[in-house]
Amino acid sequence: MDTIVTERVWVVGDSVTTDAMYPAFAMKLPVPQAARHIFYELRPGWTDDVRPGDIVVAGRNFGLGSSRPVAALFRELGVAALVAEEFNSLFLRNAINHGLPALTVPGVTAAFADGDTMRLDFAEGWIENTASGARLEGGALPPLVLEILAAGGILPKLAREGYVPMPTKA
Amino acid sequence: MGMTMIEKILARNAGLDEVSVGQTVVCDVDMTVMIDLQFATGWVQPLKINDPAKVAVIMDHAVPAPSVSDAAGGTRARTFARDFAIEKFYDVGQHGICHQVIAENGLARPGEVLACTDSHTCAGGAYNTAARGLGPAEVYSILCTGKTWFQVAPTIRYEFTGTKPAGVSGKDIFLYIAGTYGDATNHNLEFGGPGLASIPMNDRRTIATQGAEISADYSTFPIDDLARDFLTARGAHPGSYRAADPDPDAHYAAVRTVDLDALVPHVARPGTVSRNSFPITAIEQRPVNQCFIGSCANGQLEDLAIAAAIVRGRKVAPGVRLLVTPASQAVYREAMRAGYLQDLTDAGAVVTNSTCGACFGYHMGLLGPGEVCLTSSTRNFTGRMGSPDAEIYMASPATVAASALTGHVTDPRTLDPQQELN
Ligand code: SF4
């Protein structure tokens with residue numbers, strides 16, 4: 001599995017909740033439409049600017065809130081990875097289970113601004129600001145987690161193991 | 001080394017003698033609970049599942065179906081329950097908010113691991129269960145394999161001393177903790193101490209449930225006489241389970257004492273509960289447009305009893321809407337039998353079907369721009385209950401009921417000194 005991503009970043013603040021990313025009214029919509037409402041209040045219009053491959057950087061307690069599958073919406077927009085000072089653990093698990101790498105890196109919000117380019121290796125657990133050269137270490141993801149990411153998420157993994165009919169929607 | 005409650009349960013279910021903080025373990029899951037929303041988007045019926053006896057399906061978030069896609073989800077849930085012979089299927093009529101249905105049917109058992117799609121699954125910690133929310137994809141995986149992984153987080157212990165005063169409830173205890181200590185991200189909460197005996201089971205569940213708002217992984221209580229009797233009445237008999245008590249030399253990230261004698265009603269200001277909850281005496285007397293009593297945290301029978309006692313023989317203030325949602329159909333029926341629903345509706349409240357509905361702003365009871373709500377539900381996030389331009393304060397059912405009568409945030413203890421509150 002290629003574990004290195006180099007892309008443009010978007011930086012959001014602390015304690016961004018799942019309600020701010022997947023509002024209740026969007027839960028009534030199919031995933032492609034629901035994805036148009038990420039950060040609807042926080043950064044109106046963001047979903048028009050984000051490009052496939054972009055990385056979302058956040059502060060502390062990222063994804064506080066409910067179990068709604070926000071990661072599916074990020075994947076829909078092509079977001080390649082999430083990096084945060086700290087993740088809510090349920091949100092982190094949801095990201096991984098949808099095949100979206102999520103890396104905890106203390107200091108990331110100070111080292112990056114909107115539009116910077118980040119190089120990250122989620123297997124080794126480091127990130128680098130390609131312009132400033134600043135390199136920060138996060139925790140490496142456990143092998144169990146890398147296995148799920150390598151499969152593209154938990155549903156493709158289950159399909160391969162014969163629990164779900166192929167092909168599946170992740 | 002000694003283990004905390006949660007470390008003991010995870011170790012046992014991973015087949016290990018010991019686990020420690022930071023360790024990733026693979027655990028057997030004793031009960032897997034799926035909710036209606038899981039069937040509404042992206043559902044694929046599995047080819048095989050691990051064990052139908054260890055699965056429950058509960059219709060709660062969007063019942064009776066408020067949209068065609070929810071209705072189609074209901075059909076898929078029924079098909080799944082039928083095809084896999086799921087006996088623990090709580091369809092419309094036997095429904096209720098999943099954490100209430102889990103509690104009243106004894107599905108969360110001491111010393112066991114319970115997984116459910118909803119983020120407030122930590123509610124089951126009130127019964128000494130390692131219960132947490134895991135998201136639809138992961139719960140689906142557990143449904144198939146019967147297992148999942150956990151990383152053992154450090155534990156914060158709260159020691160209760162003294163006695164819970166009348167007029168102060170589990171909600172106030174939680175808001176005090178959230179206001180004073182803030183988030184517990186990537187930590188477990190463990191509760192105990194000599195004061196615990198004065199905290200009834202419904203209040204313990206409120207506290208356990210709301211661990212989610214301070215981002216805790218698990219929030220667990222020990223099994224004492226009160227908990228044992230509660231469980232026995234719901235078909236979980238001592239001898240059929242093995243409760244987990246912490247070792248005397250267990251290691252904690254912090255041990256904090258809460259003096260119950262000193263507690264007063266608390267209110268959270270809009271946005272978050274974390275470091276944003278204060279004694280009611282410090283809160284501005286905002287006029288309120290909507291008062292809500294309900295949710296998995298505070299739609300329990302005891303909550304309705306308290307609210308009914310406060311509004312009995314009085315009227316909701318003009319211009320205020322008081323919405324009351326019993327947490328389950330069983331609570332609804334009990335509250336009707338006991339006359340609480342009569343008292344509430346006589347006072348001008350609207351009693352709704354038992355569902356998540358208003359709590360997550362999905363169907364019924366939404367807030368308009370510029371409105372102020374006082375809720376006893378779980379979350380006061382911006383936009384949670386409707387318009388992002390509405391403000392949501394949070395307090396106990398007693399405070400919400402008292403405020404509905406006056407039209408502004410009101411300390412229930414000042415309403416009528418003669419009135420006895422629990
Ligand atoms: S009542 Fe509210 S917090 Fe509880 S499960 Fe339902 S939506 Fe979630």
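Just so it is clear: chains get the letters A, B, ... in the order the sequence lines come, proteins before strands, and each one is counted from 1.
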Side chain to side chain contact (heavy atoms under 4.5 Å, CB included) for A:Arg68 and A:Asp19? Distances and angles first, verdict last.
CA-CA 9 Å; A:Arg68 47 190 83 165; A:Asp19 286 67; 3.5 Å; yes
Output the option from B:Phe360, B:Tyr140, B:Phe381 having the highest count of non-hydrogen pairs under 4.5 Å with chain A.
B:Phe381
Is B:Thr272 close to chain A through its backbone or its side chain, or both, or neither, when contacts mean heavy atoms under 4.5 Å?
neither
Measuring from A:Met118:CE to A:Glu7:CD, what's the distance to the nearest 0.5 Å?
11.5 Å
For chain A, which residues of residues 209-220 of chain B have at least one non-hydrogen atom nearer than 4.5 Å to it?
B:Ala212, B:Glu213, B:Ser215, B:Asp217
Would you mind checking which part of A:Asn94 comes under 4.5 Å of any heavy atom in chain B, side chain (CB onward), backbone (N, CA, C, O), both or neither?
side chain
Start with the C-alpha distance between B:Trp43 and B:Phe80, add both sets of side-chain angles, then the distance that settles ring pair (Phe, Tyr, Trp, His ring centres under 6.0 Å), and finish with yes or no.
CA-CA 10 Å; B:Trp43 173 257; B:Phe80 168 75; 5.3 Å; yes
So what's closer than 4.5 Å to chain A heavy atoms on B:Arg379: side chain, backbone, both or neither?
side chain
Which region of B:Tyr362, side chain (C-beta onward) or backbone (N, CA, C, O), has a non-hydrogen atom less than 4.5 Å from a non-hydrogen atom of chain A, or is it both or neither?
both
Sort B:Val139 into side chain, backbone, both or neither according to what part of it lies under 4.5 angstrom from a heavy atom of chain A.
neither
Measure B:Gln38 against the heavy atoms of chain A and call it side chain, backbone, both or neither at under 4.5 Å.
neither
Checking side-chain polar atoms at under 3.5 Å, does B:Gln45 have a donor or acceptor matched by the opposite partner on B:Thr79?
no
Throw together a table of side-chain donor-acceptor distances under 3.5 angstrom for residues 142-162 of chain A, partners on residues two or more places apart or in other chains.
unit_1, atom_1, unit_2, atom_2, d
A:Lys157, NZ, A:Glu161, OE2, 3.3

Measuring heavy-atom distances to chain A, does B:Leu37 have an atom under 4.5 Å in its side chain, in its backbone, in both, or in neither?
side chain
Would you indicate whether the side-chain heavy atoms of B:His61 and B:Asp118 approach each other to under 4.5 Å?
yes
Please name all residues satisfying side-chain hydrogen bond (donor to acceptor under 3.5 Å, both in side chains) with A:Glu86, sequence neighbours left out, ordered by chain then number.
A:Arg60
Do you know which of B:Pro46, B:Pro388, B:Ala62 has the most heavy-atom pairs with chain A at a distance under 4.5 angstrom?
B:Pro388
Would you check if there is a donor-acceptor pair between the side chains of B:Arg132 and A:Ser89 at a distance under 3.5 Å?
yes
For side chain to side chain donor-acceptor pair (under 3.5 Å), just list the numbers for B:His363 and B:Asp70, CA-CA rounded to whole Å, side-chain angles, deciding distance to a tenth of an Å, and then say yes or no.
CA-CA 11 Å; B:His363 58 117; B:Asp70 290 307; over 6 Å; no
OG1-CD distance between A:Thr109 and A:Glu85, expressed to the nearest 0.5 angstrom
3.5 Å
Of the listed residues (A:Phe25, A:Phe87, A:Phe91), which shares the most heavy-atom pairs with chain B below a 4.5 Å separation?
A:Phe87
Give the member of B:Cys144, B:Ala153, B:Ser274, B:Gly361 that has the highest number of heavy-atom pairs under 4.5 Å with chain A.
B:Cys144
What residues, two or more places apart in sequence or in another chain, satisfy side-chain hydrogen bond (donor to acceptor under 3.5 Å, both in side chains) together with B:Arg76?
none
